[in-house]
Each structure stands twice: as structure tokens, then as C-alpha cells.
Amino acid sequence: MSRIAYVNGRYILHSDASVHIEDRGYQFADGVYEACQIQDGAIIDVRRHLDRLDRSLYELDMDSPMERGPLVAVLREVARRNRVRDGLLYLQVTRGVAPRDHAFPKDAVPSLVVTAKSINPAGAQGRFEKGVSVVTVADNRWDRVDIKTVGLLPNVLAKQKARAAGAYEAFFVDKDGFVTEGSSTNAWIVTKDGKLVTRPAEHGILRGITRTVVLDLAAAEGLAVEERPFTVEEAQTAKEVFITAASTILVPVVRIDDRTVANGEPGLTVARLRSRFQEFAERTPI
Ligand code: PMP
């Protein structure tokens with residue numbers, strides 16, 4: 001079956017899909033995106049993802065490409081046309097096509113691209129059962145990483161450093177030695193006395209949708225939560241460490257740089273949170 005992409009009003013073959021060379025996303029990373037999980041034939045937390053998209057657009061003074069209702073219809077249609085039951089929807093909005101000039105163009109029309117791909121749930125299950133390794137890198141990003149822009153070069157370099165070291169993820173570390181977040185995930189620890197700790201969602205991290213759902217879930221589970229920064233050493237000596245993202249939900253971290261976390265096995269808290277996650281997520285059938 002051929003893959004189909006949505007590009008500016010048209011559903012076309014993924015292999016033929018393209019945007020103009022003067023699209024500002026291509027030239028300036030002047031664009032924003034969202035990635036939503038599709039699980040068992042439903043889009044997960046689409047409302048929250050589109051709320052965050054609206055915020056990203058607002059922060060960059062960028063027009064929305066379409067109203068919420070038609071946009072959800074496009075997302076569902078792309079998932080349907082690609083027959084994705086379990087996978088990922090990707091949506092990107094840029095400021096549009098205009099002659100290259102740094103300042104905003106006067107009449108550019110925002111570009112919208114939506115793609116969907118299937119992901120074999122077995123890969124995520126393997127990571128969940130075994131846990132993953134993480135390396136640490138200096139956080140050298142700008143101070144508005146709360147906006148989900150396509151300007152991801154530091155994240156790309158961090159992830160590549162992880163892959164080169166045989167690890168799954170890289171934790172960004174700020175100049176004071178505190179973990180900010182992963183290159184494409186939010187970072188969490190469980191302290192020895194069972195508290196869940198994650199960095200506050202100010203400008204230093206992306207306010208992950210999965211993070212928000214896990215906070216709701218933790219409250220329902222009666223788990224104590226502290227939104228505060230934690231150091232690399234605190235993570236390495238914690239009871240459990242895990243990461244969250246729409247693409248993987250919750251994944252246990254069992255190694256950080258050269259130190260094993262706890263006994264090197266995924267912990268019980270992350271297993272419990274993962275088993276209940278779907279109860280707290282919103283499902284939009286495709
Ligand atoms: N931080 C960064 C830098 C990310 O790219 C992502 C994934 N989009 C996340 C955190 C997790 O966010 P979410 O739970 O919304 O996928």
C-alpha cells in the first residue's frame with residue numbers, strides 16, 4: 001500500500017510530497033510541529049496536542065492554517081488513508097513560502113503538512129521490558145524550548161551522541177548540573193521515598209502532553225509529586241528514572257552515562273503508571 005501525505009490542501013503520494021525551496025520552515029526553521037500517538041485505531045490526546053500547537057503558533061505570531069474541526073478531520077483522514085492502527089501522526093505548520101528575508105513576509109499563507117506512519121508496538125514493548133540507557137549532554141539550546149519549533153538541531157546532535165554511544169536518549173543538562181529534559185522526551189525520577197520528581201514546565205523544557213497526563217495519573221494514584229529540577233547524580237542514585245513522550249509513552253531508564261540506576265531493572269512505579277496511562281488519555285477514533 002502506498003503512503004499518503006497531506007500537503008497544503010491535497011492528499012498526495014508520500015513519495016511525491018514536497019514543499020517549495022523558499023518555504024520558511026526549510027530556510028529558517030520558521031515553523032512548529034506536533035507528533036501524536038495513534039494507538040489501537042485512535043489518536044491519543046489530540047485536543048491537548050492542538051492546544052499546544054495553538055500556543056506555539058501564538059508565541060511565534062504565526063497564523064493557524066485552519067480551524068480546529070477541519071484540522072482534526074485532516075489528521076483522521078491521513079491516519080485512515082495510511083491504514084495506521086498503531087503509529088504516529090506528524091503535523092507541521094510553517095510561516096509559508098516567501099522570498100528569503102529574515103523579517104516576517106506580509107502575505108505568506110501558512111504551510112501545513114501531515115504524515116502518518118505505522119510503528120510496530122513490539123519495539124516499544126521491548127524498551128519497556130528492558131529499560132534504556134541515557135547519556136548526558138550540555139543543554140546548548142535557546143531559552144524558548146517551550147515552543148515546539150522545528151528548529152531541532154541541538155536535539156538532533158544530542159540524539160546522535162546517544163546513538164553513537166549505544167544509548168536510546170540523551171539528557172540535556174543545564175549549566176548548574178540539573179537535567180532539563182531528553183532530546184525528544186521529558187525526564188522523571190522516583191526518589192527513594194517514592195516521590196515523583198520532574199522539572200517544572202517553564203521556558204527550560206517542552207510541556208510534554210504525556211507529562212501532563214502522567215501528572216494527572218500520579219494525582220489519581222495518590223503519588224507525591226515535586227516539580228523541581230534534579231541533578232544528574234540525583235537521577236543516577238534514584239530509585240527509578242523514566243522518560244515520557246507521545247511516541248513511547250513511559251520508558252524506564254536503567255543507565256545514565258557510566259552508572260546503573262538502582263539494580264539495572266525497570267522499576268515498579270513506571271510499570272504501574274504505564275499500565276494505567278490509557279485510562280487518563282483521550283482517544284479520538286480515526
Ligand atoms: N521534550 C522534547 C524536547 C520533545 O521533543 C518531546 C516530544 N515531542 C517531549 C519533551 C515530550 O512531549 P510529548 O509528551 O508531548 O510528546
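Indexing begins at 1, ligand by ligand and atom by atom, following the structure's order. Residues: numbered from 1 along the sequence shown.
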Distance-only criterion, 3.5 Å: show the donor-acceptor pairs between side-chain atoms of residues 102-125 and protein atoms not counting sequence neighbours.
unit_1, atom_1, unit_2, atom_2, d
Ser111, OG, Asp23, OD2, 2.8
Asn120, OD1, Ala122, N, 2.9
Gln125, NE2, Glu129, OE2, 2.7

Donor-acceptor side-chain pairing of Gln37 and Ser247 below 3.5 angstrom: no
Pairs involving residues 7-27, ordered by first then second residue, that meet ring pair (Phe, Tyr, Trp, His ring centres under 6.0 Å) (sequence neighbours left out): Tyr6-Tyr11
Heavy atom of Tyr33, distance to ligand 1 below 4.0 Å: yes
Val84 backbone acceptor or donor facing Asn82 side chain under 3.5 Å: no
Numbered atoms and elements of ligand 1 in range of Asn186, under 4.0 angstrom, heavy atoms: 10 (C), 11 (C)
Per-residue contact class, Thr185 against ligand 1 - non-hydrogen pairs under 4.0 Å: backbone
Polar proximity ligand 1 side, Thr210 side, N/O cut 3.5 Å exclusive: yes
Pair Thr94, Asp30: side-chain N/O donor-acceptor within cut-off below 3.5 Å: no
N/O donor-acceptor pair under 3.5 Å between Asn155 side chain and Ser184 backbone: no
Element-labelled atoms of ligand 1 that are located less than 4.0 Å from some non-hydrogen atom of Lys148: 5 (O), 7 (C), 8 (N)
Ser247, any N or O under 3.5 Å of ligand 1 N or O: no
N or O contact, Ala245 vs ligand 1, cut-off under 3.5 Å: no
Contact check: Arg52 vs ligand 1, nitrogen or oxygen atoms, below 3.5 angstrom: yes
